[in-house]
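So the structure is just underneath, and the comments pick up after that.
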Amino acid sequence: LQDIIQAYKSGITLQGNSTSLGRWDFSGSFFFSISTITTIGYGNLSPSTAAGRIFCIFFALFGIPLNLVLLNSIGQLMLSGVQHCAHHLEEKFHWQKKATLLMRICALLTCLLLFLLLPPVLFSAKEGWSYEEGFYYSFITLATIGFGDYVIGMNPDRTYPGWYKNVVSLWILFGMAWLALVIKFCINLLE
Amino acid sequence: MALTSQPLQGKKRCKKIFWAVFPHACFILSLVIYAFLGALMFSHIEGNRKVNSSEAYRNFLQGLWSISKNLSDNMTENEEVFKEKIYNLLGTFEQEWFVDPKKIWNFFGSLFFCCTVFTTVGYGNTYPITRAGKYLCMLYALFGIPLMFLVLTDMGDILATVLSKCYNEYRKVQSKILDSKLCSVFMCKKESETKSRRSLLMKSKAVINEPLSIVEVLKSQSAFKRKPIQYRNAEIFEMLIAREKENTKLSRTKSIERWSSCPELERGKTMTSVIENFDKIGKELEKLDVPILLMILVIFVYISCAAAILPKWETNLDFQEAFYFCFITLTTIGFGDTQLQHPRFFLFLSLYIIIGMEIVFIAFKLGQDRLIAFYKKVISFCGDKKIAPKKIYPK
């Protein structure tokens, strides 16, 4: 029985009829590239040819620093946006120091809601997971651990709307930038 | 008097060494304890999972049985039909039916799992199935990942110092050879030697010790030299502003320095230097300036070493596959497509893995800096192009 299962696992790439994220067409490969350069690495799809692996190594070597630069810039953008709003609030209501603290707490809560508490609702609607499983998936993805036990878009019985993958990719990007920012803040607070 | 002060000096030195090594050892020890604790917890929670044969499992087995029963004797006909049916059936397969939790989640298995969590590699060959296990996993990752990050940054300082010292030694030797060649031709021996020695000393100072002035440091860094002149001023300006912002933080450490100069607090000096060292974590890493190709070469050599010895006990991996596996692990991507037969032996290489992740981390940091410099160049190039045609109009 184990042999059959092993054969199935290696043979899945040969059969068609699976979901678009489980095959090496454009969207599947795009999702694979994202999971590589963000170092999440789900493993639902991975190169098996020698040439593919060598390319993957070089791709990761250039892609990971690029991704880090992108995350840093997005983080800076978000931070400057928050500071801008805090500045406006200060001018309008003359609150001085309280405004920045309030703004920061507000931003933290909204981002927490947007990146960690709302996506599981989307996942439970589209993937049929429970809220807990969706939350577990979001956390494991944003922490870049990426076990691969839960992966979006891998269920062949479900149809996914066109915007689904793109929205999830955007979520991964901004969520990771936000998380990196939060960790930086925590480290600064500890010092 | 000289005789009595000698054993005192020896004691002092031992104390110094101890307090120098202590913080680093502290971090690593706390990480190890964290890993062991996690292994105990997970092996308890997941190992004691009740395996109940679910409805889906029984249906799966029945389906398999009926398929094999209905196969005819004709081999070529069988293949297509068999493939189709088996494919549909195996779509309902769940890994948890066929694994014995006690075997997989024994102490070493859980330890391996914990390592994949806090290093964020996350292979996925073992993952928590129970609800409590999942929540514990998230909590464990929340505290474990920053701890791992702290250990990495701390050890990264040491590695960065070692790397820059080696690199500087190499450059010294290189320029000495060049000098000796030049001097034999131009006969300006003393001048060039002292010049090169001074510039090299400045370089080594800049890379290892606290910089005395930003402009000096920047001018000696080779990466900086490659940039055009307009850029240098802008960068110096930016760095000066950044330093001004830092000065407000520095005032706190300055107060510690003041009391360490008081002779009565000599005893407290070691503690303050330890506390100061905690603040300096990560500073060495930021100052590293080694060419990135060298780093990539170091990475490839490092991975090749492991890839050469790994197939000795993992018999189904050849060199190329072991190389790919090590690379994917050290960059913390961790697909999990390569299954290890003996994960325990891989744990023994944990020191190798930490140092490898260090090196990769440093290389990525350097890559980031180079990328940013490259983008700035491109943007300024485009910007210059835009300004040039405008200049024609005022005529």
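Not measured: the values here are computed from a predicted model. FYI, side chains are in, hydrogens and waters are out, and symmetry mates aren't considered; it's all heavy atoms of this structure. Throughout, a chain's letter reflects where its sequence line sits, starting with A, and its residues are numbered from 1.
Looking at Y136(A), both its backbone and its side chain come within 4.5 Å of chain B, counting heavy atoms on both sides. Looking at F325(B), neither its backbone nor its side chain comes within 4.5 Å of chain A, counting heavy atoms on both sides. Only the backbone of Y123(B) comes within contact range of chain A, with heavy atoms under 4.5 Å apart. Contact of F374(B) with chain A is not made at all, since no heavy-atom distance falls under 4.5 Å. In this structure, chain A has heavy atoms under 4.5 Å from both the backbone and the side chain of Q368(B). Neither the backbone nor the side chain of I54(A) has a heavy atom closer than 4.5 Å to any heavy atom of chain B. Within the 4.5 angstrom heavy-atom criterion, no atom of Y137(A) approaches chain B. In this structure, the portion of N72(A) lying under 4.5 Å from any heavy atom of chain B is its side chain and not its backbone.
Atom CZ of F149(B) has 12 or fewer heavy atoms from other residues, nucleotides or ligands within 6.0 Å. Heavy-atom neighbours of F174(A) CZ from other residues, nucleotides or ligands within 6.0 Å: at or below the threshold of 12. Annotation for F30(A): atom CZ does not count as buried by contact number, only 12 or fewer foreign heavy atoms lying within 6.0 Å. The environment of Y131(A) atom OH is dense: over 12 non-hydrogen atoms of other residues, nucleotides or ligands sit within 6.0 angstrom.
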Chi angles and distances behind the side-chain contact (heavy atoms from CB on, under 4.5 Å) call for I140(A), C137(B): CA-CA 9 Å; I140(A) 295 291; C137(B) 176; 4.2 Å; yes

side-chain contact (heavy atoms from CB on, under 4.5 Å) between F147(A) and V117(B), worked out: CA-CA 9 Å; F147(A) 285 127; V117(B) 170; 3.7 Å; yes

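Residues I145(A) and T116(B) have side chains not in contact (no heavy-atom distance under 4.5 Å, counting atoms from C-beta outward).
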Under 3.5 Å, which donor-acceptor pairs do the side chains of residues 32-40 of chain A form with other protein atoms, sequence neighbours left out?
from   : atom 1 : to     : atom 2 : distance (Å)
S33(A) : OG     : S29(A) : O      : 2.7
S35(A) : OG     : F32(A) : O      : 2.9
T36(A) : OG1    : F32(A) : O      : 2.9
T38(A) : OG1    : I34(A) : O      : 2.6

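Closest of all the heavy-atom pairs between I145(B) and A143(A) is CD1-CB, 3.9 Å.
Heavy-atom pairs under 4.5 Å with chain B were tallied for G148(A), S46(A), A50(A), G146(A); the largest tally goes to S46(A).
Under the salt bridge (charged side-chain N to carboxylate O under 4.0 Å, His left out) criterion, no residue pair touches residues 47-70 of chain A, with sequence neighbours excluded.
Annotation: side chain to side chain donor-acceptor pair (under 3.5 Å) contacts of Y140(B) (sequence neighbours excluded): none.
Taking the six-membered ring for Trp and the full ring otherwise, the centers of F135(A) and Y135(B) sit at least 6.0 Å from each other.
Within residues 56-65 of chain A, the residues having any heavy atom closer than 4.5 Å to a heavy atom of chain B are C56(A), I57(A), F58(A), A60(A), L61(A), I64(A), P65(A), listed by residue number.
Taking 4.0 Å as the cut-off between side-chain N and carboxylate O, E132(A) and R131(B) count as a salt-bridged pair.
Here the straight-line distance linking atom CZ of F361(B) with atom CG of L68(A) works out to 8.5 Å at 0.5 Å rounding.
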